[in-house]
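What follows is one structure encoded as structure tokens, with my remarks underneath.
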Protein chains: 2
Amino acid sequence: MSKRRSITIIDIAKELGIAPSTVSRALSGHSKISPETRDKVMAVAKKWNYVPNKIALSLKNQETRTLGLIIPEIVHYFFSNVISGIEEVANKNGYSLLICQSGESLEREIKAVSTLVRQRVDGLIICCSRETEEFDHVEKLPENKGVPVVYFDRVPPNSKHPKIIVDDLMGAKQATAHLIEQGCKNIAHLAGPENLLISRNRLSGYRLALQNAGRQPKTELIKYCKEGTTEVGFAKMNELLNQEVIPDGVFANNDIIALGAMMAIKKKGLKIPEDVAVIGYSNWQLSEFMEPGLSSVNQPGAEMGEQACQCILNYIESDEPVEFFSPIILPSSLVIRGSSLRKRSAQIKVLNAGG
Amino acid sequence: MSKRRSITIIDIAKELGIAPSTVSRALSGHSKISPETRDKVMAVAKKWNYVPNKIALSLKNQETRTLGLIIPEIVHYFFSNVISGIEEVANKNGYSLLICQSGESLEREIKAVSTLVRQRVDGLIICCSRETEEFDHVEKLPENKGVPVVYFDRVPPNSKHPKIIVDDLMGAKQATAHLIEQGCKNIAHLAGPENLLISRNRLSGYRLALQNAGRQPKTELIKYCKEGTTEVGFAKMNELLNQEVIPDGVFANNDIIALGAMMAIKKKGLKIPEDVAVIGYSNWQLSEFMEPGLSSVNQPGAEMGEQACQCILNYIESDEPVEFFSPIILPSSLVIRGSSLRKRSAQIKVLNAGG
DNA sequence: GTGAAAGCGCTAACAT
DNA sequence: ATGTTAGCGCTTTCAC
């Protein structure tokens, strides 16, 4: 593609025999400009399809009105929701969005930070990769007070920057409480890997709900699904079904595991939710299409994106540097579905799981 | 956030008492530079965390090494795959990706084009909104030879720009042929809305496969699901099941419809795929989590993104303007699943559905 | 091998 | 109301 020279303010100025600054003023609707010149300028600009050059503006103003986003994977229901939320808010505020995916690799994450800083993004929104345990590449951005940063979902333990996270503990508590309300006597938990904070929080929520109802969480009703696959969910649920105390309710760490559990339940000839009620903490929209009876706690991806974006816009526009931001904790929403998918829409209830 | 002045080449030059141009040369590994100065410059640059300013470079070089992407919705399995594919290739080639979503609105699409052109993206990748029937806002970009454009998925009928589309006809043909091979005698089609090209192509593929097998497509086995919801799929499948000729195979326009159909089949007490085999043309990854027995024709989202990106990079870098690009047609892939989800992974076969 | 100067497109301060 | 000028950060001639 041969390089195209586009129309500039100077071209317009020459055509009309006036100064570039006058053209600039006319174009930006400055008050101290005669209507005639303004109209003439507008006419020429239109005739030649003048497009203002944001690059020149960025260089002059030292701001790009561009936000950088680093995300582990784009192809993921939760993350794509986050992106969408960010894009929505950014767009509404006249900001553009530059996206990099780290592919859960620290190396790529570091490279992405560098790329975006070179591009002079006005702010950086980041969800760290699973590999990331050390945050200097973000925390020690050039000059130590570089670009404003907002973390979401996977956040460093000690950072002064804003953080947006989901209230997993509360969500899990509500989900378990819901099973209790439904009359479940023996509620099992198919937990996620112990090393992940979210798994631990969800387990805690489960325990808390039971204790609040005056019950003791039983060790034999808690199974860890380290790999987090449908297969493991199936296997662990089978174990549960072969124990003495058969659970009549299951809270699963996520919907993938929940799906495996449901397969095991059905294979046993039991009915959902009549015999065993199931509820899954969900990253995906799957629940919508899954078996009826699968209620779920949904991660508020879009809302998280919106909040993160709003947060960084405030950060960018705040004049005095803020010393420390306390984390913003978003509630998950508990979606309760009835047992007939045909009448599903009428039966969906959304509870606000947070406080 | 108070505006931060970052380190420039001039700062380094001053510190060392040399000319900015020398610093520039040292930094960019120019040959005609003494090793001592180079080392000195590098040292200072490192000490002060110098970050080159891409904005200044863009202004000078008249290229941003940035690509613009306009997409109807980010939260969509197919589209998020496309984005991911584009990001991957762009990144690998040193390009950044600026994303706007149109939300299926022509108005927002027009605004997005304008935004991206102002940002001086080097190229524009676009999937038009459902509302878009007139393409001047893209085709007549400033100066008529403006930014390189590549269309994908939803493309204008007559554009000289590159277009990447999916071979729906071939995919549908393969899917239907697969049902025939499986021994299905009466294969129904749950079609999409007639006004969409993809629906028409899939219907044609279905017809073609039957004809190739020496069968006549029967009108009573074709049902249009205008709304494309699970509910409609359920209703239309019920109609089919209550007709004289009960189908033993169903090719559904997409997986949402397929899901409804499967619910209807199961409610009737029939088994999938033993009694009725089902296959859906899929935009989503749902099939992975759906009932066993649901084979699907998957849209190659990531591949489409990669191709689109590669295509625009070539376009950008080609010196002589190309007169007309013929469409690039990607095959969909037919994924055949067995009936036991537990053994699923072993039984998945992927056939290349294109020619 | 290095320096000086021009220029990419734009705007804001300072004239007039 | 309009023109002049300088400068944002960088590279790239053209001198020396």
Side-chain angles (χ1 to χ4, degrees), chain A residues 3-42 44-45 48-66 117-122 142-143 146, chain B residues 3-42 44-45 48-66 117-122 142-143 146:
Chain A
K3 208 142 281 175
R4 59 219 140 74
R5 243 264 310 159
S6 26
I7 299 300
T8 73
I9 271 190
I10 302 184
D11 296 324
I12 300 179
K14 275 191 190 141
E15 161 96 356
L16 293 170
I18 60 178
S21 50
T22 309
V23 177
S24 168
R25 281 186 278 244
L27 254 19
S28 52
H30 210 281
S31 54
K32 308 266 181 195
I33 201 93
S34 78
E36 306 92 74
T37 14
R38 206 194 45 222
D39 293 347
K40 277 194 294 182
V41 168
M42 289 302 195
V44 177
W48 284 349
N49 265 315
Y50 168 74
V51 177
N53 188 326
K54 272 202 77 173
I55 301 298
L57 250 174
S58 294
L59 183 59
K60 174 135 193 61
N61 297 344
Q62 300 283 70
E63 61 158 32
T64 52
R65 291 193 84 77
T66 290
V117 171
R118 277 155 199 258
Q119 299 262 23
R120 290 298 198 270
V121 292
D122 290 343
E143 296 165 65
Chain B
K3 208 144 281 175
R4 59 219 138 74
R5 245 259 317 155
S6 26
I7 300 299
T8 72
I9 269 188
I10 302 184
D11 296 324
I12 300 178
K14 275 190 191 140
E15 161 97 356
L16 292 171
I18 59 179
S21 49
T22 308
V23 177
S24 168
R25 280 186 278 245
L27 254 19
S28 54
H30 210 281
S31 54
K32 306 268 181 196
I33 202 93
S34 76
E36 308 92 73
T37 15
R38 206 195 46 222
D39 294 347
K40 276 194 296 181
V41 168
M42 289 302 195
V44 177
W48 285 349
N49 265 316
Y50 169 74
V51 178
N53 188 326
K54 273 202 76 173
I55 301 298
L57 250 174
S58 295
L59 183 59
K60 175 128 197 68
N61 296 346
Q62 301 282 71
E63 60 158 34
T64 53
R65 291 193 84 79
T66 290
V117 170
R118 277 155 198 257
Q119 300 260 23
R120 291 295 197 273
V121 292
D122 290 344
E143 297 165 65

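The sequence lines fix the lettering, A, B, ..., with proteins before strands; numbering per chain opens at 1.
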Tell me which nucleotide among [options] gets nearest to the side chain of [X].
X	options	answer
B/Thr37	C/dT2, D/dT11, D/dT2	C/dT2
B/Arg25	D/dA1, C/dG3, C/dC10	C/dG3
B/Asn53	C/dA4, C/dT11, D/dC10	D/dC10
A/Ala19	D/dA1, D/dT4, D/dT11	D/dT4
A/Ala56	C/dG9, D/dT12, C/dT2	C/dG9

Would you kindly give the [atom1]-to-[atom2] distance between [X] and [N], to the nearest whole Å?
X	N	atom1	atom2	value
B/Arg118	C/dC10	CZ	P	11 Å
A/Asn61	C/dG9	CG	C1'	12 Å
B/Leu57	D/dT11	CG	C1'	8 Å
B/Lys60	C/dA6	NZ	P	13 Å
A/Leu27	C/dT11	CG	P	8 Å
A/Tyr50	C/dC10	OH	C1'	7 Å
A/Ile7	C/dG9	CD1	P	10 Å
B/His30	C/dG3	NE2	P	14 Å

With respect to the phosphate group of [N], does any side-chain polar atom (N or O) of [X] fall under 4.0 Å of OP1 or OP2?
X	N	answer
A/Ser24	C/dA12	no
A/Gln62	D/dG9	yes
B/Thr22	C/dT2	no

Indicate the atoms forming the closest heavy-atom contact of B/Ala13 with B/Ala19, along with that distance.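 Looks like CB-C, 3.8 Å.
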A side-chain contact here means heavy atoms from C-beta on lying under 4.5 Å apart; do [X] and [Y] qualify?
X	Y	answer
B/Gln62	A/Ile55	no
A/Val41	A/Leu16	yes
A/Ile7	A/Asn49	no
B/Arg65	B/Leu57	no

Classify [X] by what it touches in the nucleic acid, base, sugar-phosphate, or nothing, heavy-atom distance under 4.0 Å.
X	answer
A/Ser58	nothing
B/Ser21	base
A/Ile18	sugar-phosphate

Spell out yes or no: do the side chain of B/Arg120 and the base of C/dG9 have one donor N/O and one acceptor N/O closer than 3.5 Å?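 When only heavy-atom distances are counted, B/Arg120 does not reach the base of C/dG9 through any donor-acceptor pair under 3.5 Å.
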So how far is it from B/Lys54 NZ to A/Arg118 CZ, rounded to the nearest 0.5 Å?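 Between atom NZ of B/Lys54 and atom CZ of A/Arg118 there are 9.0 Å.
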If you find the nucleotide of DNA chain C closest to B/Leu59 and the one closest to B/Gly17, which residue's nucleotide is nearer the 5' end?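 Closer to the 5' end of DNA chain C: B/Gly17.
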